[in-house]
Amino acid sequence: MAKPQPKGESSPGDVGREATLLNRILYFTGAALGVLLLIGFASLERADYQAFGRASWLFTGAFFLYAAAAVLSVVNSFFVKSTFAFRLTTGLLFGGLALSVTSMIHRWTIAGRPPFKTYYESLILLAACTAATYLVLELATRVRIVGPFATAMCAGTYLLALSKMDEEILDLPAALQSFWFIPHVLLYFVAYAALGVAFCAGVVYLITPGVKVLGEKNARLFGRREMDFYQYTYRIIVFGFLFLSLGLVTGGVWAKSAWGDYWVWDPKENWSLITWLIYLTYLHLKSVRGWKGRKAVVFSIIGFAAVIFCYLMMHLLPTAVQSDHVYSG
Amino acid sequence: MDTSESRQVRLLTSFVIFIVLALIFNIADTATQRLNGGARWIPIGVLVTAVALFSIFFHTVVRRYLLTVRFASALILFLCCATMLGTFVLQRVSREEFVASYSEYFGEHRSALGVMKTFGLMVDQRAPEGMPGDHAVQVIPPENRRFLEGAHVFLSSIGFIDVFHSYWFIGLTFVLAASLLLCVLLRRPWRRAQIGFVATHVSLLVLFLGAFIGTLFGVKGFMWLGVGETSAVYRAHPNQILDRGGKDREVTLPFEVACDDFILEKYEDRYKLYVYTVDPHGKMRKPYPLEFGSRLGAAIPVKGSPYTVTVEKQFKNYEETRAYAAADKNGVPAVQFTLFPDAAGAGHGSQTWLAQGEAATIGGRKILFTWELPPEMAAEVAASAPSKPAEGAGASKDAPADATRAAFSKSAAPPQFAQGIITVRRAGAEIRLRAETGQSATIGTPPVRVEVTGVFPDYVRLPEGKNGSRSDQPNNPAAELKLSGPGAEEIVVAFSKPEFKEFTKPRHFQGMTFDFEFGTAPAARTDLTLVGSTTTLVARREGRLVVYPLTVNGAPVPVEPGGPAVRLDAVLPKATPETQVRDSMDPGHNPAIELTVSGAAGASNRRVLVGDLEQHIALGDDQLFLLYRKQFKEPKDYKSVLRIIDHGRVVRTKTIEVNDPLTYKGYHFYQSSYDSNTLARTGLQIVRDPGLPLVYIGFFLMLAGMIFTFYLKSRVSGSGGQGNGKTPTEG
């Protein structure tokens, strides 16, 4: 305790003293832009907003909680500095997560199968996983600066889900009735969620490079008293990568039991391999001189772009017709 | 600092040399029309030897440059790019498939819709059953064809058509394996803190080895096995590396497989009331089932529209009979008639009542009843009454009169059945075509020729971009039409189902619409008008009106060769209707619901929707469509009861199903498909993969190593974290 400690742990203002006014402005505009972009993207997807009228209150409620959390956390980070406001944001996010999980359980009971089959169902799962991952991270590290991005991501995912809504619940085809169905999907979505949060942290690092993760608690957690967001992002990616690998391996084992082959060079398989390889390279680059900090974070963002492509855009590939598991619906 | 520069240059050079070498092998291989069997080892061997020799002779280079993480990262990224390539270029396709797929792909992605799709801006409109997708098939211009064919030749010569089995890709994995091996052996000292590092890297080596063994020595094949049959012979697929482009061959297993039973499990049939609403852009939204459960009589609001639907009654098997009874006054004219499908009036006809002005569609033919012939039709009859011998022998057949009956029955040729009528409209003009391959007509100015090039009762889009029929059942009838006009030619598919109508959108000939009324109607569709006052039947045949006199309860009068024939059963100048609806409670035949639809203005509309007829209600303003139909179900599961007989002894029995294979002596039997027509044949995939245990060990080792490296290492090696040689805290 020789050095003066920054307030750290319970201080909500992780943007902190190090951040200059310019950084704050960058951060604020970046966050606001992120939210706007996500909403814009979802509306370009022709999310038919009247669809809210057809959505259940669980869906609508979760969306508005996520959206409120996103707006509030942006406002908090810049204008309001009260602990209460931050707790409120966390509470809203918790509420959204609770509604997401409830809606999934509800659908599970109606469908009599896990609600992971269609695009729509998987997007709800992704939003819930993202919210959960971010919340765990926030509670563990007290780092709230990633909040606006992560919450906006949840809300954006919901908007996307709105445009893909399928009220008709279909039964599982034979190939999906497997022990591996639930673990495979869950592992992958936890991985995607973690990589999504890491992407948000990376964006924060890029627009406010001086920001650091501080505090006693984190000293215990990460073995160091202070680390910058590049290292923080790295930790999250390591977690995501582990789950990505678990997903890949369970996928292989499942494919073996269903199709007789653990790997068939199917486009979806290939792209999940590509994302895995990109993050693998990212992990290796840590020990390459000149590939730390900004460059590495940019690289991880490319990795996340590959995740998005693998998850949402498989139908654009000319080889998609050859695939056995491009999402339906 | 300049060494770093030159190091990169040298690395790049060796990479380029390697790739060029591999490409040369590939091109040579393609040019000499495939090496076979053992000969394939030569290029692989050369590549491996090259890598090994390079490593040995230039071990200082290897140590200083190739062993760097930088090199490993570059290698991984290189593999990454190769994998991407394998998803952008269609893999293992013939030249024809290549040309067809890409011209369609680019065609689709060039249009405005395509651009939107490319950027992921389109919401897929999912149609209920067997979603037909985008159906306009691009006619390939010759220059595109030439380009694509050339591209195929070039790409296959450098191995891009089969990236994952090309020499350069295999060589790349060898280099990666060599790099991994050297990395484990040379790079770091063996210490406890390195367990994770060693495990992850060795795991990949083990995985590669397993995959390599599996690819070279594994066997894959397929077997059709009838229920009650025993066989040891299956069709083995050619090895993807050693026998590229080879053919399936028959191989005998060292034991026999018997199939004792095949079980197809289905989900319970459920009929649902589907709601189609329209979004503000006028596009139909995805349909969804309106759940009414047991809430009969309760108004259910339709989300996203101003309507409410009240389900009044559910029928397990809806039967409707309508009769008219003679009335003294306040009645309407009514007629009862029977339509026989064949000209002789034999067989089972359908008896129908019609009231004044009503029309029925039976067997794809519209029959209208009117008491008096409308004046314009009467005028037309008068005009065409005298027969016109000038039109030739063919026309004289059409002349009305009893005499023609003899001519009809003489025509011994089997009646030609078309599968319905296609109505084409363009700028006010209208033509009708029989849904029969080869039928054609021209429409409008400048003239566009419409030709029927195919009729599919159960439409399916075949993988190679062609249209086909899944079965003979009229599940999703469609007709393929070729449109040719000045400067353009294209193919469209016209659907019979109303909900698929929007998929028929010609690219060049915009504004043309197609109505395909499917039905097993006789060759020429005839519109019939029953006239009550004169007890005659007026038929429109090929543009002319023909009058047939009828008598009540007389002999059936054929309307044309091959039928149908019409018998008049009753004519009532004044009658009142009595409709009897009953539910025979015989489940599954004709389920229906009776419902009331109330609009924004409160107006209600009482209707009956019958499940099997695929009828839909369109509300007046086309904002709401309702359809009562079976929920689409894939089979729940399919299983085969298999028995393995080795040397005359039954050694194993198992009921295999999807996701649960049988394994014996290293052979795995997977439930892969079944004969959907007879349900008496099961399709088994047969796989033998000697490398599999290694692959699984690799999987396990990799995950364990990762968990150790990421989360346990710091505990084992103390709080130092980065493994800087501290003694472990625990033993």
Side-chain angles (χ1 to χ4, degrees), chain A residues 44-46 48 50-51 53-55 163-168 170-171 173-175 177-180 223-224 238-239 241-242 245-246 249 252-254 256-263 265 267 270-271 273-274 277-278 280-281 284-285 287-288 291 312-313 315-319 321-322 328-329, chain B residues 69-70 72-73 76-77 79-80 83-84 86-91 101-102 105 117-118 120-124 126 164 211 220 267 279-280 285-289 303-304 463 631-638 657-661 668 670 685 687 692 695-696 699 702-703 706-707 710 714 719 721:
Chain A
L44 278 177
E45 271 276 1
R46 293 202 35 188
D48 168 10
Q50 282 191 1
R54 297 181 292 139
S163 72
K164 303 269 181 203
M165 188 180 307
D166 49 5
E167 282 107 321
E168 178 166 21
L170 295 173
D171 292 305
Q177 295 164 26
S178 164
F179 162 79
W180 294 105
R224 53 173 76 200
V238 159
F239 177 80
F241 182 72
L242 179 63
S245 313
L246 284 164
V249 166
V253 175
W254 183 8
K256 178 72 199 168
S257 72
W259 301 324
D261 236 326
Y262 47 85
W263 197 262
W265 299 109
N270 287 345
W271 271 92
L273 178 68
I274 289 164
L277 288 175
I278 292 180
L280 184 69
T281 316
H284 279 86
L285 285 178
S287 28
V288 174
W291 272 90
L312 294 176
M313 300 183 183
H315 60 281
L316 299 179
L317 288 174
T319 44
V321 284
Q322 294 181 321
S328 60
Chain B
V69 186
R70 192 185 288 266
S73 306
I76 299 170
L77 278 185
L79 266 175
C80 198
T83 313
M84 279 186 207
T87 67
F88 292 131
V89 181
L90 282 172
Q91 297 292 291
S101 302
Y102 274 105
Y105 180 75
K117 267 189 187 163
T118 310
L121 306 180
M122 277 293 295
V123 178
D124 281 27
R126 195 175 52 153
F164 304 112
K220 271 170 216 151
Y267 286 108
D279 73 8
R285 293 191 184 104
K286 272 198 246 176
Y288 72 95
K303 292 173 190 168
Q631 190 179 20
F632 172 60
K633 302 279 187 187
E634 286 184 58
K636 186 178 181 188
D637 207 348
Y638 37 109
E657 60 187 287
V658 183
N659 276 314
D660 189 13
H668 303 267
Y670 294 89
Q685 199 190 343
V687 178
L692 190 67
V695 171
Y696 278 5
F699 281 167
M702 180 176 82
L703 294 174
M706 272 184 196
I707 291 169
F710 296 145
S714 54
S719 56

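Lettering of chains follows the sequences in order, A, B, ..., and the numbering in each one begins at 1.
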* Engaged part of A/Phe179 at the chain B interface, taking heavy atoms whose separation is under 4.5 Å -> neither
* Verdict with reasoning, B/Phe164 to A/Asn270, per side-chain contact (heavy atoms from CB on, under 4.5 Å) -> CA-CA 10 Å; B/Phe164 304 112; A/Asn270 287 345; 3.5 Å; yes
* **Best-contacting candidate, B/Thr87, B/Asp637, B/Val658, against chain A by heavy atom pairs under 4.5 angstrom** => B/Thr87
* To do: Output the distance between atom CE (B/Met84) and atom CD1 (A/Ile274), rounded to the nearest 0.5 Å.
  => 5.0 Å
* Asked: Should the pair A/Trp271 and B/Phe88 be assigned to parallel (<30°), tilted (30 to 60°) or perpendicular (>60°) ring geometry?
  -> perpendicular
* Quick one: do A/Asp261 and B/Lys220 satisfy side-chain contact (heavy atoms from CB on, under 4.5 Å)? Show the steps, please. => CA-CA 9 Å; A/Asp261 236 326; B/Lys220 271 170 216 151; 2.8 Å; yes
* To do: With a 4.5 Å cut-off on heavy-atom pairs, point out which of A/Leu285, A/Val253, A/Leu273, A/Leu280 contacts chain B the most.
  => A/Val253
* **Shortest non-hydrogen contact between B/Pro661 and A/Ser257, atoms and distance** => CD-O, 3.8 Å
* Structure fact -> Tightest non-hydrogen contact, residues A/Gly260 and B/Val687, listed as O-CG1, 3.6 Å
* Is the backbone N or O of B/Lys636 less than 3.5 Å from a side-chain atom of A/Gln177, with the two atoms forming a donor-acceptor pair by type? -> yes
* **Student check: side-chain heavy atoms of B/Leu77 and A/Leu277 closer than 4.5 Å** => no
* Any donor-acceptor pair under 3.5 Å linking the side chain of B/Tyr670 with the backbone of A/Lys256? -> yes
* Structure fact -> For A/Val288 and B/Ser73, the nearest pair of non-hydrogen atoms, with its separation, is CG2-OG, 4.4 Å
* Should A/Thr281 and B/Cys80 count as side-chain neighbours, where that means a heavy-atom distance under 4.5 Å? -> no
* Structure fact -> Under 4.5 Å to a heavy atom of chain B? For A/Trp263 that would be neither
* Sequence neighbours excluded, which residues qualify as side chain to side chain donor-acceptor pair (under 3.5 Å) partners of A/His284? -> none
* Asked: Quick one: does A/Ser245's side chain get under 4.5 Å of B/Leu703's, heavy atoms only?
  -> yes
* Asked: Is any side-chain heavy atom of A/Phe241 less than 4.5 Å from a side-chain heavy atom of B/Phe710?
  -> yes
* Is there a donor in the side chain of B/Asn659 and an acceptor in the side chain of A/Trp180, or the other way round, less than 3.5 Å apart? -> no
